[in-house]
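Worksheet: one structure, shown below.
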Amino acid sequence: NIITVKTFNFFSKTTKCPLNLNNTDVAVLDYRAPSLAANSISTHFSGDREAAVVLDVACGTGLVAQQMKRHGFGHFVGIDGSQAMLEVARESGLYQDLKQCMLGEGQLPVQWGLFDVVVIVGALSVGQVPVDVVRELCKSTKPGGYICMTTRSNHDNLQYKASLERELKQMEEEELWTCVEYSQVEDWERAVSEQEHGYISGAVYIYKKL
């Protein structure tokens, strides 16, 4: 995990990691996940957006908050494992509070049942965040609130995606939440590995806490 943090801190300065793309990088890679997630949340959320409290997990430099603000949301709490990314997020002025935390190492450093919306974009994939962190997301959400999650659907991430979806379904069977949207997106982002070309696909999940 120390290596992971150092890697993310390095990427936060070189802008090569999807979790920390700036606006220019977003255009070059056509990284659509933050805007797709924000659009999906906006479609389902019918409450007072200015008053809604949003927990942005693995917030990186603030791409998701930036997109959600365009939809009228204005109160953000961010969590990320990289101090360098959090510093950039703080400079954006979008967040009322920012906390450093390595996801999967103990519970999230927030109050349970507090948030109207909990969102995690770009981190639910192989080698980054363990699948069971989604239970922490659910616990952080108030009853009737929404949890938005994304993952990639490219070949390298298919096993992780299958494990993630098993956990999501298990939690639904436990009556912790209900699925209100599942969207498969073909042109998720430009492929960057040597084994892949063109665009890779991805998925957006929206759950409502019971």
Side-chain angles (χ1 to χ4, degrees), residues 18-19 21 23 26-27 29-79 89 92 94-96 108 110 113-125 129 131 133-154 157 161 164-165 167-173 175-190 199-210:
L19 293 178
L21 300 174
N23 289 332
V26 168
L29 293 179
D30 200 9
Y31 181 56
R32 304 175 61 203
S35 62
L36 290 168
N39 291 344
S40 292
I41 293 167
S42 179
T43 297
H44 295 282
F45 190 86
S46 60
D48 183 346
R49 299 185 181 194
E50 290 187 1
V53 184
V54 179
L55 178 62
D56 186 0
V57 181
C59 65
T61 57
L63 292 178
V64 174
Q66 180 182 339
Q67 294 294 327
M68 290 188 66
K69 189 170 180 63
R70 295 177 180 176
H71 289 282
F73 294 92
H75 191 147
F76 300 99
V77 174
I79 294 176
S92 74
L94 291 168
Y95 295 89
Q96 281 66 47
L108 297 178
V110 295
L114 175 65
F115 298 93
D116 299 280
V117 178
V118 176
V119 57
I120 181 167
V121 172
L124 286 174
S125 61
V129 175
V131 164
V133 78
V134 298
R135 291 186 177 268
E136 302 282 308
L137 308 182
C138 185
K139 291 176 182 177
S140 302
T141 311
K142 63 175 57 173
Y146 292 90
I147 303 97
C148 177
M149 299 159 281
T150 71
T151 194
R152 292 177 291 107
S153 303
N154 60 320
N157 201 55
K161 184 174 183 285
L164 173 64
E165 292 181 349
E167 186 72 4
L168 300 182
K169 182 175 178 58
Q170 176 63 35
M171 291 173 65
E172 194 163 18
E173 292 175 353
E175 299 184 347
L176 297 175
W177 59 17
T178 184
C179 182
V180 296
E181 179 184 334
Y182 167 70
S183 300
Q184 182 71 24
V185 181
E186 292 305 314
D187 295 337
W188 185 256
E189 63 187 56
R190 290 186 187 275
Y199 285 82
I200 63 172
S201 58
V204 179
Y205 309 85
I206 302 282
Y207 280 77
K208 186 173 184 177
K209 183 172 179 177
L210 300 176

Which pair of heavy atoms, one from [X] and one from [Y], lies closest together, and at what distance?
{"X": "S125", "Y": "G122", "value": "OG-O, 4.4 Å"}
{"X": "G62", "Y": "L94", "value": "O-CD1, 3.8 Å"}
{"X": "W188", "Y": "A203", "value": "CH2-O, 3.5 Å"}
{"X": "Y199", "Y": "E186", "value": "CB-O, 4.3 Å"}

So if I apply the side-chain contact (heavy atoms from CB on, under 4.5 Å) rule between V64 and each of M68, Q67, Q66, which one comes out positive?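 Passing option: M68.
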Under 3.5 Å: donor-acceptor pair, side chain of [X], backbone of [Y]:
{"X": "N157", "Y": "R152", "answer": "yes"}
{"X": "S42", "Y": "N39", "answer": "no"}
{"X": "E136", "Y": "L108", "answer": "yes"}
{"X": "K209", "Y": "C138", "answer": "yes"}
{"X": "Q96", "Y": "F76", "answer": "yes"}
{"X": "D116", "Y": "G145", "answer": "no"}
{"X": "E172", "Y": "C179", "answer": "yes"}
{"X": "W177", "Y": "L168", "answer": "yes"}
{"X": "T151", "Y": "L124", "answer": "yes"}
{"X": "S40", "Y": "L36", "answer": "yes"}

Look at atom CD of E173 and say whether more than 12 heavy atoms of other residues, nucleotides or ligands are closer to it than 6.0 Å. yes
Does Q184, at its CD atom, have more than 12 non-hydrogen atoms belonging to other residues, nucleotides or ligands within less than 6.0 Å?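 Enclosed.
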Interatomic distance, [X] atom [atom1] to [Y] atom [atom2] [nearest 0.5 angstrom]:
{"X": "Q170", "Y": "L176", "atom1": "CD", "atom2": "CG", "result": "9.0 Å"}
{"X": "F73", "Y": "E50", "atom1": "CZ", "atom2": "CD", "result": "11.0 Å"}
{"X": "L55", "Y": "L137", "atom1": "CG", "atom2": "CG", "result": "7.5 Å"}
{"X": "I41", "Y": "E181", "atom1": "CD1", "atom2": "CD", "result": "9.5 Å"}
{"X": "T178", "Y": "I206", "atom1": "OG1", "atom2": "CD1", "result": "12.5 Å"}
{"X": "R135", "Y": "S140", "atom1": "CZ", "atom2": "OG", "result": "13.5 Å"}

Could you tell me whether E165 and K169 make a salt bridge, using a distance below 4.0 angstrom between a side-chain N and a carboxylate O?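 So E165 does not pair with K169 through a salt bridge.
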Taking the inter-plane angle between the rings of Y146 and F45 on a 0 to 90° scale, is it parallel (under 30°), tilted (30 to 60°) or perpendicular (over 60°)? perpendicular
Output, in order, the C-alpha distance, side-chain angles, deciding distance and verdict of side chain to side chain contact (heavy atoms under 4.5 Å, CB included) for V134 and M149. CA-CA 9 Å; V134 298; M149 299 159 281; 3.8 Å; yes
Does the pair D56 and Y95 meet the rule for a side chain to side chain contact (heavy atoms under 4.5 Å, CB included), with working shown? CA-CA 9 Å; D56 186 0; Y95 295 89; 2.7 Å; yes
Do I120 and Y205 pass the side chain to side chain contact (heavy atoms under 4.5 Å, CB included) test, and can you show the C-alpha distance, the side-chain angles, and the key distance before you say yes or no? CA-CA 10 Å; I120 181 167; Y205 309 85; over 6 Å; no
